[in-house]
Structures are given as C-alpha cells and as structure tokens.
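Note on naming: letters A, B, ... go to the chains in the order of the sequence lines (proteins, then strands), and numbering restarts at 1 for each one. All of these numbers come straight from a predicted model, not from anything done at the bench.
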Amino acid sequence: MQTCATFMQTFQTLLAKKLSDALAKVGLPDAGEVTPATDPRFGDYQTNAALVLGKQRGENPRALAEKIVARLDVADLCEPPAVAGAGFINFTLRPDAIAKKTSEILRDKRLGVAEAELNQRIVVDFGSPNVAKPMHVGHIRSIVLGDALARIAQFLGHEVIRDNHIGDWGTQFGMVIYGWKNLLDRQSLRRDPLAEIVRIYKETNDRATRDPQVREACRQELVKLQAGDKENIDIWNECVAFSMQDFEQIYEGLDVRYDLQCGESFYNDRLAGVVERLLKSGVAEISEDAVVVFFRDNPELADKPCIIRKRDGGFNYATTDLATVDYRINDLKADAIWYVVGAPQTLHFKQIFEIARREGYRSDFRHITFGSILGEDRKLMKTRSGENVPLRDLLEEACKRARKIIDEKNPDLSEADKIDIAQKIGIGAIKYFDLSQYRMTDYIFSWERMLSLHGNTAPYLQNAYVRIRSIFRKAGESASKIDTLILSDFAEINLAKRLCQFAEIVPQVLNDFRPNILANYLFELANSFHTFYEACPVLKSEEPVRSSRLALCDLSGRVLQHGLDLLGIKVPEKM
RNA sequence: GCGCCCGUAGCUCAGCCGGAUAGAGCAACGGAUUUCUAAUCCGUCGGUCGGGUGUUCGAGUCACCCCGGGCGCGCCA
C-alpha cells in the first residue's frame, strides 16, 4: 500500500455526502443515489432520494424533497437545488466550483481518479491462442477486452497478473506430430514455420477423417507424447517455440503484454493430484468408469455433470482448468480471477467455479463473456473461401488502409512518421471499434466505419488529441502554469464539466466490465473539445483567457491520452 | 426438450443497480472555412424500444408467456 491516502472527491461523491448529511439532519436514512442528470435541462446531477424514501414510508415524495432541500448545504458547489417532477432534486454546478475542481485535476497526475478502496490481486486470463494454429479474428475480442480491463484495473490500484492460458497440449498434437514425421517440408518450415505447421496439421486432419489407420497413428503419437517420448517431446517443443514467436509478433503489434504465459502443459503434472483430491473429498465420484462431479442439489447444473477424468484415464480441459484455479489461488494468491473467454463456454465455467467453491475456494471468479464478430453477411466473419481470417492479415490491412488515408490527407509527413501514425490509427481503429460497443452484442466488422474520421471512432478521438498537440507546437509552450481557470463561454464550461467526469467514469467500467462506458465518455469529451475548439480561439485570445484556455487544452489532451491508453490505444502527435 | 445470450431510428450501435419528453454516429438534407489540422463544427429529418400480460408513483430496463436470431447441453478444447 502506498502512503498517500486522501483521494480527490468527484462532484458525485461530494454531493452524495452532502445529501447524506441533509438526510441525517431530517432524521432520514440514506436512500437513493446521486447520478448525472438525465437531461441538461435538469442541471448536472440529480437524486431520486425523496422518491425512494417516499415509497418506503408512504409519504409524499415532493414534500419530502422540499424538506431535504431545506437542509441541503451545497452552496459552495451549486446553485440552490430545485425540486422537480415527481420529487427529484436537481443540482446545477456553479461555474466557479467547476473551475476550482478542474484546476485541482489539472495538478493531479491521476487526473482526479481515486484508487479502489479494496485493492485486490487479480489474475486476468485472456487471449488463449492455440499452438499450431494461427491466431484469427475470433481472438480479437478476448485480447482487446482483456487487455483493456487489465489496464483499467491496474490504474485503479489493483495488482494485476495477465496470464495467457495457451492451448499447447490438446489432442491436435497427435496430428501435428504425425504430420511432422510424415509430411514436413523442411524448406517451407524455414521460410514460414507456422504456415508449414498449420499445413501439415490440416493435411493430417484431412487424412485422418478419411483413413482410420491415420487416425489411430495420430492417437499413438499423442499417447507417446503424453508418456514423455523424447522424439515427440522435441517436436512438440519446437512447434510451441515457433508458435510463441508468431504470437509475440502479434502482441507487439497490438501493444499487449503478459506477465505469465502458463499454457495447458504447465499443469500436466498437477492433473492426477486434482482428480485424486476431488475423489477423496467426495466432490467427485466414479461413474461409468470416468471420474465425474455431479451437482445434484443445484437446479441449474443438476443434469449437467462435469467429467474430470475420462474413461480411458485421460484428463480433459475441465481438469486443466481446475488445476489452473489451484495454481492461481494457492501459488499466485489471487483474490479474483477474470476469464475473458467467449460466451459458448458459459456452462463450462459455471461448472468449474462451482467445483472450486465446493473445494472451499472463496475467490471472486468472473467469466467475462463477449459476442461474435460477424461479416457483412451477418454470419461469423470468414474469408471468401470460408476460413478464419488470420489476425495478422487483419492488422496489416488496418495499417494499410490507415496509411492510404494519411497519404491523402497529409502527404507531406515524413515516411517514418507515416508508418508510425498508420500503425497507431489502424490498430487503434480495430481496438476502439470493439471496445466502444457493449461486449455482449455481436457486431458487424466494417473497415469503413472503424476508420471513419466522423463519429465514434478512434481516428476521431485521435484527431482531437492531434489538434491539441498542434496548438502547443504553435504556442511553443508545453503547458500553462495557470492556477485559476476562467470559464465564461458555454463551450468552456461544458468542456470543463466533462473533464471532471473522467474520475466518475473510469471506476464504473469495472462494475460490469464495460469498457464501452469509457469509450463513450471519451467520444463525448472529444466532441466537447471540438465544439470548444470551434467556438473559443486559444492562441489568439487575450490574457488571462489565453492561459486558461491553454490549460483546458492541456487537460483535455491528457485525459484523452490517458483514457485511450486505458483502452490500449495510442495517440499520434500529428496525423 | 432444457438452459444462456441477443432483438431499440433506413443502417451501425449507446442506454450499469427501474427514474422525468428513449440518445449518438452513419446515411439524407441545409448551413459554417482568408483555420490554433474542415480529419471539424452547427442545424433539420427520422422510434407502437420484437409482441403481449403483469409488478408500481414510474418499465427499453424487473417477472411470466409468445415470436425471431445465435450458442450450449458426460468422456473435444
């Protein structure tokens, strides 16, 4: 724990405290909440406290509201609060309070964002590619969502361990090894290792579906591998290494990093122990020669048993995931484990979490699901030939398309700048398109939409930042040293209010794991900034307004930069 | 058959624990530029929130039923 203790309050928390004080004075319990106003006509914040209390106590909500307002001491923050509608209390912030708060945030490295009250150690499990298979478009959401959540949790003061649970031990290795021994072309392997591994895997798969003898041979290779056969282990090691190299390149392009990359094979020597322990404790039992966990007293899972050891003695992915839970809790001391894994595995994780609870684990398990990425035809996104779209190709195309726009809009930039900016815009566009939408909804992938300069897109937000940087380049100053902001124009007040909201928005994301809330906020911030930019000249205005506006620019730039960084998106200086 | 997720403007999507007259963007149309990057801004048009019943001061949001789409349901991961 750090020593610094007093975090900056937001308007929301300040008003909530004042409301609580007023309720106490009237002899009422805390109730309702202070929320941003649903409509600008109602001011900036509102509370439904009187409505909630009125219902609880069978009293007239408007009368209650009047009583509460009489005791509300908010003169330092807002205009006299008003009772409206069925009994809402509305708060309108005073410009001087906004100016004061904005100045405070201007001096704060955390931009006003408080750390979480309860700091946890959180393992975030995301990405999870399979060895011997190239990453494809289906991996985007897990990677981008998991990375953003990890960044946000970390910023809020949690200790985050990013773990890549690589699929490096599945049954596909029987086929890969068979292919390696029978079909491998060494030259192709040198040229493009992963492509060659994928080729032999696919080829073997084809043969195996046609020919039972090949199928049996693959099974034998797998048995040998799992028994520790030297030759097969060597082949396996080589395949894993080639795949990891490929993954690393993609992670570098995406600016994603891991603290741990414990693949399935990491847990091999723990599987037998897990099954033994579960049998011993009675959580699992033997059924039809397999080891199974039944959930007879759980209506949801009553008819959905979970096999943890197959009839043939082999372990499956449930076993591995249970061993993974053990490791994360006992060895890594995780308070929470977040699984950023697609929705089809919901049942599987329900079973795993339930088994973990039965074993006495009390950690906070979360399965963070997400929808699918669809093509223009509204079906799962595929290439024309029906294959998965390789992630590498997708990222390359994003940068290529971004580059084309840069060449059109800003041809005089240096080649080095263009490459750098195309990367930031292209990758940013893909990430933002994903994160700006509610994670559960399936979305239709569209280059045109995500790279558009208009609307809720990464380039639009990046452009707001670029405009700010441009002002500072022109001014020849890095930031202003001003203490007190002067807010008179509507656009200035509006922008300052937005800047104050950053601290209210960021913690909300983790409520239900919705980075789209932050994305949406940043879009509105960029919007407010652009409006301000149009309405309020900065460098041409007279002092002290000039310094004040420069300070607004500075803070806008910092919030945009930091907010996008929390989403894993970089900002260029020019574009 | 059972279970989970989704259904909001022509299109793509917001709308967390129920709050006031349901919001953006795109598209369409009309304006603004001797620019601090117009890669922008301002305005207009656009809705029986899939349908129904219920819960209550109040339902896009909660409950139940139906319709439509997706996914899952002992030895794949």
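- Among the heavy atoms of the strands lying under 4.0 Å from Lys474(A) are primed sugar atoms or P, OP1, OP2 only; no base atom is included.
- Atom name C1', nucleotides rG1(B) and rU56(B): the rounded distance is 36 Å, in whole Å.
- Sorted by first and then second residue, the salt bridge (Lys or Arg N to Asp or Glu O under 4.0 Å) pairs involving residues 438-457 of chain A (not counting sequence neighbours) are Arg439(A)-Asp512(A).
- Between the P atoms of rA28(B) and rU33(B), the separation comes to 22 Å (whole Å).
- Taking atom CD of residue Gln351(A) and atom C1' of nucleotide rG3(B), one finds them 12 Å apart after rounding to whole Å.
- In this structure, NE2 of His530(A) is placed 9 Å from C1' of rC41(B), rounded to the nearest angstrom.
- More than 12 heavy atoms of other shown residues, nucleotides or ligands fall within 6.0 angstrom of atom NZ in Lys382(A).
- Within 6.0 Å of atom NZ in Lys418(A), more than 12 heavy atoms from other residues, nucleotides or ligands are found, so the atom counts as buried in its surroundings.
- The interatomic distance linking Glu448(A) (CD) with rC11(B) (C1') rounds to 12 Å, in whole Å.
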Its contact letters, B for base, S for sugar-phosphate only and - for none at protein heavy atoms under 4.0 Å, make nucleotides 67-77 of chain B read ----SSSBBSB

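- Taking atom C1' in both rG15(B) and rC49(B), one finds a spacing of 11 Å when rounded to whole Å.
- Straight-line distance between the P atoms of rG23(B) and rU44(B): roughly 13 Å, to the nearest whole Å.
- Taking Tyr460(A) as the reference, Phe523(A), His530(A) meet the ring-ring contact (aromatic ring centres under 6.0 Å, His included) condition, with sequence neighbours excluded.
- When the side-chain nitrogen and oxygen atoms of Arg514(A) are compared with OP1 and OP2 of rG15(B), one or more of them lie within a distance under 4.0 Å.
- In this structure, the NZ atom of Lys350(A) is 7 Å from the P atom of rC4(B), given to the nearest Å.
- Rounded to the nearest 0.5 angstrom, Ser243(A) OG and Met135(A) CE are separated by 9.5 Å.
- Between Arg358(A) and Asp297(A) a salt bridge is recorded (basic side-chain N to carboxylate O distance below 4.0 Å).
- Judged by a 6.0 Å distance limit and a 45° cone about the ring axis, Arg270(A) is not positioned over the six-membered ring of Tyr267(A).
- OP1 or OP2 of rG15(B) lies within a sub-4.0 Å distance of a side-chain N or O belonging to Asn516(A).
- Among residue pairs with one or both ends in residues 34-43 of chain A, those qualifying as salt bridge (Lys or Arg N to Asp or Glu O under 4.0 Å) are Asp39(A)-Arg41(A); sequence neighbours excluded.
- Base orientation of rG74(B): syn, since the glycosidic angle falls within 90° of 0.
- The salt bridge (Lys or Arg N to Asp or Glu O under 4.0 Å) pairs that include a residue from residues 367-377 of chain A number zero, where partners must be two or more places apart or lie in different chains.
- At rU8(B), none of the side-chain N or O atoms of Tyr438(A) fall inside 4.0 Å of OP1 or OP2 (strictly under the cut-off).
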What string of B, S and - do you get for nucleotides 19-28 of chain B, 5' to 3', when a contact is any protein heavy atom under 4.0 Å?
-> BBB--SSS--

Could you go through the salt bridge (charged side-chain N to carboxylate O under 4.0 Å, His left out) check for Lys202(A) and Asp206(A) one step at a time?
-> CA-CA 6 Å; Lys202(A) 279 186 182 158; Asp206(A) 283 350; over 6 Å; no

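- The separation between Gln437(A) atom CD and rG15(B) atom P is 10 Å, rounded to whole Å.
- One finds no side-chain N or O of Arg378(A) lying less than 4.0 angstrom from the OP1 or OP2 phosphate oxygen of rC11(B).
- Using a 4.0 Å heavy-atom cutoff across all strands shown, Ile444(A) reaches sugar-phosphate atoms only and no base atom.
- Partners of Phe433(A) according to the ring-ring contact (aromatic ring centres under 6.0 Å, His included) rule, which considers only residues two or more places apart in sequence or in another chain, are Tyr443(A).
- Asn511(A) places its CG atom 17 Å from the C1' atom of rA14(B), with the value rounded to the nearest Å.
- Comparing rC5(B) with rG50(B), their C1' atoms sit 16 Å apart, to the nearest whole Å.
- Annotation: side-chain hydrogen bond (donor to acceptor under 3.5 Å, both in side chains) contacts of Glu264(A) (sequence neighbours excluded): none.
- Whole-Å rounding puts the Phe370(A) CZ to rC6(B) P distance at 15 Å.
- Annotation: ring-ring contact (aromatic ring centres under 6.0 Å, His included) contacts of Phe353(A) (sequence neighbours excluded): Tyr339(A), Phe349(A), Phe365(A).
- Listed by chain and residue number, nothing satisfies the ring-ring contact (aromatic ring centres under 6.0 Å, His included) test with Phe295(A) (two or more places apart in sequence, or in another chain).
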Would you write out the dot-bracket form of RNA chain B, 5' to 3', with Watson-Crick and G-U pairs under 3.5 Å, [ ] for crossing pairs, | for pairs to other strands and . for unpaired bases?
-> (((((((..((((.....[...)))).(((((.......))))).....(((((..]....))))))))))))....

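- To the nearest 0.5 Å, the span separating OG on Ser436(A) from CG on Asn516(A) amounts to 7.5 Å.
- rG7(B) and rU61(B) have their C1' atoms separated by 14 Å, given to the nearest Å.
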Kindly determine whether Lys133(A) and Ile197(A) satisfy side-chain contact (heavy atoms from CB on, under 4.5 Å), including the steps that lead there.
-> CA-CA 8 Å; Lys133(A) 293 182 191 169; Ile197(A) 293 169; over 6 Å; no

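- Nearest to the side chain of Met575(A), among rC4(B), rA39(B), rC16(B), sits rA39(B).
- Look at the C1' atom in both rA59(B) and rU48(B): the space between them is 15 Å, to the nearest Å.
- Spacing of C1' atoms, rU8(B) relative to rG51(B), comes out at 14 Å, to the nearest Å.
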So which protein nitrogen or oxygen atoms get under 3.5 Å of nucleotides 45-47 of chain B's nitrogens or oxygens?
none

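- As a whole-Å value, the separation of Asn298(A) CG from rG3(B) P is 14 Å.
- If you find the closest nucleotide of RNA chain B to Gln508(A) and to Glu300(A), the one lying nearer the 5' end belongs to Glu300(A).
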